[in-house]
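Reading through the structure tokens given below for one structure.
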There are 2 protein chains.
Amino acid sequence: MNKVTMADVAAYAGVSKSTISQYVNKRYKFMSESTKIRIEEAIKELNYRPNSVARSLKQKSTFTIGVIVSNILHAFSTQVIRSIEDYCNSLDFHVIVCNADDNPEKEERYIQMLRDKQVDGLIVFPTGENLELYEEMVKTNYPVVFLDRKIPDLKISSVLLDNEQAVKMAVEHLVEKGYKKIALMTNALHRVFPRQERVRVFKELTSLHQLPIDEGYIVSRDLGQLKSSLGELLTSKPVDAIIAGNDLALLEILNYVKEHHIVIPKDFALISIDDVSFGNLYNPALTVVAQPAFEMGKKAAELLLEKIKGDFKEEEHIYLFQPVLIERDSC
Amino acid sequence: MNKVTMADVAAYAGVSKSTISQYVNKRYKFMSESTKIRIEEAIKELNYRPNSVARSLKQKSTFTIGVIVSNILHAFSTQVIRSIEDYCNSLDFHVIVCNADDNPEKEERYIQMLRDKQVDGLIVFPTGENLELYEEMVKTNYPVVFLDRKIPDLKISSVLLDNEQAVKMAVEHLVEKGYKKIALMTNALHRVFPRQERVRVFKELTSLHQLPIDEGYIVSRDLGQLKSSLGELLTSKPVDAIIAGNDLALLEILNYVKEHHIVIPKDFALISIDDVSFGNLYNPALTVVAQPAFEMGKKAAELLLEKIKGDFKEEEHIYLFQPVLIERDSC
DNA sequence: CTGTTAGCGCCTTCAC
DNA sequence: GTGAAGGCGCTAACAG
């Protein structure tokens, strides 16, 4: 292993440890050229690398942040991770990624673990279940940014999609295209956009555009039951367009479509909130309302690093990102 | 922040630091019940959490491994990460994920950075370009496992897909189904399965099954040129089946299919090496030869942790995983 | 310009 | 059963 320490380099170069320390921290304003070169050679010769654990202990900063995602298998998460990492990298910060799996206990363990490791801050896709922990972090002024989900009544900066706007965008696009009997399907658990809210927005829109007002058009079930719910919906009511509330709901709907030989958009039109990798390839290509995942990740990283550096701006702390309509052929 | 240290707890509980240390390391064999309880209360009261940076410095072990993937946006990577993390988690090891982006300089920086952070070992999807670094790690006996790609002449345990077998599987499935004029398309850069090797295997198979022997059926181009190559291929030769060498090549082929209104499998059959999220949803559902990503990730993690614990088994160091045929409707 | 001296927070003998 | 002392590798005054 790398057992060579600063003392070894100091001995080899014939100077003291602190001089080496100066050198590795590039503070050679007051260092003679000759010792500089001697140190450089000693380091190369011994293949010395500073131990960042020791440095962190002393400096009380690890130059590392933690990211806790709800599920790394989601494309949204990986895109967010990617952009966080790119941004941090450019500022010489490191990133530890953890996977809470939408499991509050895992989330708690990871938050504790990361703080024990003295990471300088945290970006979390919160489960919403560990309220005391969140509050404690606010109280102790620990730098945290939430992503994807907002926890009410908590003063933690949050980077979110404007869900309301996303639903509006979808409905209005469908209305423009002449569809009237619009259903909204989503799985119950994914993303914390409260049902009442969703219903409220949907009702507002339906009345605004003089569409049928019927709560039966709003379906919110566990993933596994979504297909059968769709079957029931289609037999009980006329439906000419469906909004998939997220990518998982979309997959269920597409499975149903396949099994029942439905033709989109002839039998019904389809629009999804969340783009998917095959959106453009599917037949017909899927019109979607996409989340700007990369921008959101970058924003979260920026916010967190600002906090870490102490540039708190307490005033604003909700960053709503606007969805983007990608028009393809499914409606 | 969490400024409370062991000394604080010791003072609060009226014992010495070392006693606290005993307690947090669960070595209370020789500790009186009363002090045990006092310490427990002190810890709870002060909300004490051990600083793992300090502990790591002392113990020379961080209980953390690093994972460097080639590109976190690939589904294969995320699945591997996921299973590595699950496994490590069960053994109280932590995981730092980094994204080398198939960029040798990034790879080098991350390897150095992670070692500076004193991670106990590394799982790497190697670019193959940093030979001296790899060799140095072998020489210094640093625990490393390679994944997805093998570097010749290097004694580092590697977890790989049996690429040769994957091609065989695809060809033989097509032959069974009666297809004769089979083309293999892959992007030049992805995955290190050398062209000569691929050609050799393909030729062996074509002669074995009395298929046309013609190197024109093997197309290997940069991603961007793959679509036009496919166009040329289809006009110059009769083709009744195509093997996509990986998921990226598959996407290009599917794009071509869409643009030219090709009907699969009537116009040509299609099989992909690598499953994709929409494999089952596409119309027709795509037959694929899948990589067992979760098993591969787990194996890599097991190997690495064994090495870290000193259970070296030098004898064997290539772990070839068998691909799995998932038969659907595209051939 | 460079060396000396104290720690950072924890762990580990070894006395008491 | 518990405490005192030294040290992990590095940094940060402050001398010299």
Side-chain angles (χ1 to χ4, degrees), chain A residues 1-40 42-43 46-64 112-120, chain B residues 1-40 42-43 46-64 112-120:
Chain A
M1 308 294 195
N2 220 356
K3 306 173 71 77
V4 28
T5 153
M6 217 149 118
D8 300 325
V9 183
Y12 190 97
V15 295
S16 84
K17 287 196 301 173
S18 46
T19 309
I20 308 293
S21 178
Q22 310 278 32
Y23 179 87
V24 306
N25 291 307
K26 309 199 190 303
R27 307 209 44 72
Y28 17 58
K29 320 215 167 197
F30 307 104
M31 198 177 300
S32 69
E33 268 304 306
S34 64
T35 60
K36 204 162 126 182
I37 293 175
R38 276 219 311 291
I39 293 175
E40 198 174 316
I43 288 180
L46 300 175
N47 193 21
Y48 167 71
R49 307 230 90 226
N51 178 329
S52 58
V53 171
R55 153 192 297 219
S56 294
L57 176 58
K58 184 68 192 179
Q59 297 200 153
K60 295 163 160 310
S61 171
T62 52
F63 295 99
T64 302
Q112 298 289 23
M113 176 281 259
L114 288 168
R115 293 182 64 189
D116 293 351
K117 271 181 144 26
Q118 314 298 115
V119 299
D120 296 340
Chain B
M1 309 296 196
N2 218 356
K3 307 173 70 75
V4 28
T5 153
M6 217 149 118
D8 300 325
V9 183
Y12 190 97
V15 295
S16 84
K17 289 194 301 173
S18 44
T19 309
I20 308 293
S21 177
Q22 311 278 32
Y23 179 88
V24 304
N25 292 305
K26 309 199 191 303
R27 306 208 44 73
Y28 16 59
K29 321 217 164 195
F30 305 103
M31 198 178 300
S32 70
E33 267 306 306
S34 64
T35 59
K36 205 161 124 182
I37 293 175
R38 275 219 312 291
I39 293 175
E40 198 173 314
I43 288 179
L46 299 176
N47 194 21
Y48 167 70
R49 305 230 89 224
N51 177 330
S52 57
V53 171
R55 154 192 297 219
S56 294
L57 178 59
K58 185 69 192 177
Q59 297 201 150
K60 295 163 161 310
S61 171
T62 51
F63 295 99
T64 302
Q112 298 288 24
M113 176 279 259
L114 288 168
R115 294 182 64 189
D116 293 351
K117 270 182 145 32
Q118 313 300 111
V119 300
D120 296 341

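In the text below, chain A, chain B and the rest are named by the order of the sequence lines, each starting its count at 1.
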Item to check | OP1 or OP2 of D:dG3 under 4.0 Å from side-chain N/O of B:Ser16 | outcome: yes
Counting just side-chain N and O atoms, does A:Thr35 come under 4.0 Å of either OP1 or OP2 of C:dC1?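 No.
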Original post:
Mind checking whether A:Ser21 and A:Tyr23 have side chains closer than 4.5 Å, heavy atoms only?
Top reply: no
Open item on the list: Could you tell me if the side chain of A:Thr62 sits less than 4.5 Å from the side chain of A:Lys117, heavy atoms only?
Closed with: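 In short, these two side chains do not touch, never coming nearer than 4.5 Å.
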Rounding to an integer number of Å, can you tell me how far [X] [atom1] sits from [N] [atom2]?
X: B:Gln118; N: C:dC10; atom1: CD; atom2: P; result: 18 Å
X: A:Ile39; N: C:dG3; atom1: CD1; atom2: C1'; result: 12 Å
X: B:Lys36; N: D:dT2; atom1: NZ; atom2: C1'; result: 16 Å

Which pair of non-hydrogen atoms, one from B:Val4 and one from B:Asn47, has the smallest distance, and what is that distance?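 The answer is CG1-O, 3.9 Å.
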**OP:** Could you pull out the closest heavy-atom pair between B:Ile39 and B:Thr19, with the gap in Å?
**Re:**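 Shortest heavy-atom contact: CD1-CG2, 3.8 Å.
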The bend of the helix from C:dC1-D:dG16 to C:dC16-D:dG1, taken between the axes of its five terminal pairs at each end and rounded to 10°, is 40°
Hey, can you pull the donor-acceptor pairs under 3.5 Å for the side chains in residues 6-17 of chain A, sequence neighbours left out?
residue: A:Asp8; atom: OD2; partner: A:Thr5; partner atom: N; Å: 2.8
residue: A:Ser16; atom: OG; partner: A:Ser18; partner atom: N; Å: 3.4
residue: A:Ser16; atom: OG; partner: A:Ser18; partner atom: OG; Å: 3.0

Each nucleotide of nucleotides 8-16 of chain D classed B (base within 4.0 Å of a protein heavy atom), S (only sugar-phosphate) or -, in 5' to 3' order, makes BBBBB----
Sorted by chain and residue number, the side-chain hydrogen bond (donor to acceptor under 3.5 Å, both in side chains) partners of A:Ser52 (sequence neighbours excluded) come out as none
Quiz item: Who are the side-chain hydrogen bond (donor to acceptor under 3.5 Å, both in side chains) partners of B:Arg55, not counting sequence neighbours?
Solution: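 For B:Arg55, the residues satisfying side-chain hydrogen bond (donor to acceptor under 3.5 Å, both in side chains) (neighbours in sequence not counted) are B:Asn25.
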message: Using a heavy-atom cut-off of 4.0 Å across all strands, would you classify B:Ser56 as base, sugar-phosphate, or nothing?
response: nothing
Atom CE in B:Met113, atom OG1 in A:Thr64: separation rounded to 0.5 Å?
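Atom-to-atom, B:Met113:CE and A:Thr64:OG1 are 7.0 Å apart.
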